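Positions are given from 1 along the sequence. Computed from a prediction, not measured in an experiment: that's the story for all the values here.
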Amino acid sequence: MSTTHEREAHADGNSVHTLLSLTSPAQTLSTSATLAMNEEVAKRRAAGRETIHLGFGEAAFPLHPLLKAALAEAATSTSYAPVFGIPALRQAIAAYLTRTREVSYCADQIVVGPGSKALLFALVQILEGDILLPIPSWVSYAPIAHLGNRRVIGVQTEPDDHHRLTPQVLSQAMTQARQDGADPRILLVNTPSNPTGSMFDLPDVEALARWAREAGVTLISDEIYAELAHGWREHISPARFYPEGCIVTGGLSKAFSAGGWRLGYAALPSTTAGNKAMSALRSLASEIWSAAATPIQEAALAAFLPNSSVEHYVQCSALVHGYVARQLYDALTQLGIPCPRPAGGFYLYPDFSPWKTALLQRGIKTSQELAHYLLEEWDIATLPGSAFNEEPLTLHLRLATSLLCEPEHVTSQEEREAELWHVLNQAEALQSPGGKGHLFPMLGHAKARWAEVIHDLETRRMSH
């Protein structure tokens with residue numbers, strides 16, 4: 001008779017197995033730090049504790065009306081879509097990438113999936129080799145690699161120069177990895193970057209592509225923030241210089257403010273090896289997610305087909321996100337906090353090591369402890385650098401600025417959307433001098449709170 005005990009004997013009595021045994025990767029897997037923090041802030045706010053939310057990078061502008069109408073029209077499309085996506089959407093994405101990345105793509109190179117995260121996971125499953133990963137890097141890359149039983153080889157970027165990734169450090173990491181018995185064959189980059197907000201410039205992209213080609217490394221370029229460049233540095237895809245060995249991923253979540261739609265894409269090379277990878281990816285996708293949701297795919301056409309209104313919406317989103325990130329960046333640097341200048345997306349990556357001694361007085365030695373202290377004592381939600389593969393003693397934090405666009409004291413979803421549309425309509429005016437603080441009350445609160453934090457740390461440092 002079966003029991004609720006953890007161990008169960010086979011009928012022949014020869015062996016015993018632990019019930020619900022976990023694989024080695026699953027035993028060390030944690031919930032995504034970003035999602036966990038977002039849920040924690042929601043609980044705090046539900047309990048009446050107002051929190052400045054810099055812990056979650058969600059583009060929260062209202063959906064463009066054309067996408068909204070397209071989804072309503074597609075609501076009755078309940079049949080399974082093809083594994084790789086509906087043909088019209090694959091064609092639209094290929095044309096979109098050809099227009100925006102200066103690389104020629106066709107529909108046969110495009111895979112549509114339920115978010116770019118799922119596609120990145122699938123790519124790691126089918127591609128051979130261990131993974132070179134810049135440090136710092138997005139919280140999910142390393143877990144995705146570990147779930148595929150791949151070793152992660154950290155490659156340190158240069159924080160004093162917009163977190164550059166140079167051929168020299170890549171070659172050093174490659175050599176050391178091989179000496180340690182690893183087999184690095186994949187380099188995974190994210191530009192603009194989560195967590196730093198930095199972007200590779202043209203010479204660095206060319207050098208990166210040249211290095212990958214000479215090293216025989218597959219380059220996966222996660223370009224989910226590509227459309228949200230702030231304007232002072234152009235987004236350039238490595239695929240422009242390495243089309244035969246570069247896979248580009250992206251989706252709807254950031255530029256189109258549709259994270260909950262869970263629609264992403266991957267563009268693979270048009271080569272014999274690329275075609276084999278497409279075939280393997282089709283097989284894997286067919287066994288895991290079957291197809292992305294058909295209504296979402298049909299509605300997504302409105303995002304990728306040429307349309308001046310949608311393109312203007314994306315441009316305005318980029319301007320607003322850039323303005324808010326720059327405003328908080330200016331406030332932090334004026335407080336003496338070292339921080340790379342953001343070039344795209346909606347992230348800042350400040351360094352609190354100047355207050356190491358003052359923090360030690362509070363028993364704070366790691367970025368995790370610093371993030372916990374700021375949440376509990378100052379009601380500021382951030383993420384620690386250790387979540388992004390930094391050494392724990394490195395006192396970096398990631399700040400997400402996207403939710404500082406949210407209005408204050410609204411009582412309905414309709415009022416919230418109206419306020420956010422007003423912000424978007426003011427996007428171009430943000431580039432001219434003049435006070436715009438009334439548009440972003442949450443930004444004002446964040447600036448004031450950080451000033452209080454630094455004043456407290458300075459007081460402690462001076463008294464030490």
Quick one: do Tyr141 and Asn389 satisfy side-chain hydrogen bond (donor to acceptor under 3.5 Å, both in side chains)? Show the steps, please. CA-CA 10 Å; Tyr141 293 144; Asn389 300 307; over 6 Å; no
Using the side-chain contact (heavy atoms from CB on, under 4.5 Å) rule, take Asn194 and Ile224 through it: C-alpha gap first, then chi angles, then the decisive distance, then the call. CA-CA 10 Å; Asn194 176 1; Ile224 192 70; over 6 Å; no
Please list all pairs meeting salt bridge (charged side-chain N to carboxylate O under 4.0 Å, His left out) that have one or both residues in residues 253-281, counting only residues at least two apart or in different chains. none
For Asp130, what residues pass the salt bridge (Lys or Arg N to Asp or Glu O under 4.0 Å) criterion, not counting sequence neighbours? none
Under the rule for side chain to side chain contact (heavy atoms under 4.5 Å, CB included), what residues qualify as partners of Leu284, not counting sequence neighbours? Ala122, Gln125, Ile126, Ile288
Please name all residues satisfying ring pair (Phe, Tyr, Trp, His ring centres under 6.0 Å) with Trp261, sequence neighbours left out, ordered by chain then number. none
List the atom pairs, with distances to 0.1 Å, where a side-chain N or O of residues 53-62 and a protein N or O form a donor-acceptor pair under 3.5 Å, not counting sequence neighbours.
{"residue": "His53", "atom": "ND1", "partner": "Gly55", "partner atom": "N", "Å": "3.3"}
{"residue": "His53", "atom": "NE2", "partner": "Asn38", "partner atom": "OD1", "Å": "2.9"}

Could you list the residues that satisfy salt bridge (Lys or Arg N to Asp or Glu O under 4.0 Å) with Glu102, not counting sequence neighbours? Arg240
Name all residues meeting the ring pair (Phe, Tyr, Trp, His ring centres under 6.0 Å) criterion together with Phe241; count only those two or more places apart in sequence or in a different chain, and write none if there are none. none
Within residues 241-250 or reaching into it, pairs that qualify as salt bridge (charged side-chain N to carboxylate O under 4.0 Å, His left out) - sequence neighbours excluded: Arg213-Glu244
Residues pairing under ring pair (Phe, Tyr, Trp, His ring centres under 6.0 Å) where one sits in residues 382-406, two or more places apart or in two chains, turn out to be Tyr349-His396
Partner residues of Glu39 under the salt bridge (Lys or Arg N to Asp or Glu O under 4.0 Å) criterion, sequence neighbours left out: none
In plain terms, say whether Arg101 and Glu234 are close enough for a salt bridge, that is, a side-chain N and a carboxylate O under 4.0 Å apart. no
Side chain to side chain donor-acceptor pair (under 3.5 Å) partners of Glu408, counting only residues at least two apart: His445
Does any N or O in the side chain of Arg90 come within less than 3.5 Å of the main-chain N or O of Ala107, such that one atom is a donor and the other an acceptor? yes
Indicate yes or no for a side-chain donor-acceptor contact from Ser367 to the backbone of Ser386 under 3.5 Å, with no hydrogens or angles considered. yes
Heavy-atom closest pair (Ile52 atom, Arg449 atom, distance to 0.1 Å) is CD1-CB, 3.5 Å
Residue list, salt bridge (Lys or Arg N to Asp or Glu O under 4.0 Å) with Asp183, at least two apart or on another chain: Arg185
Under the side-chain contact (heavy atoms from CB on, under 4.5 Å) rule, what do Tyr329 and Leu399 come out as? Steps first, then yes or no, please. CA-CA 10 Å; Tyr329 163 78; Leu399 315 184; over 6 Å; no
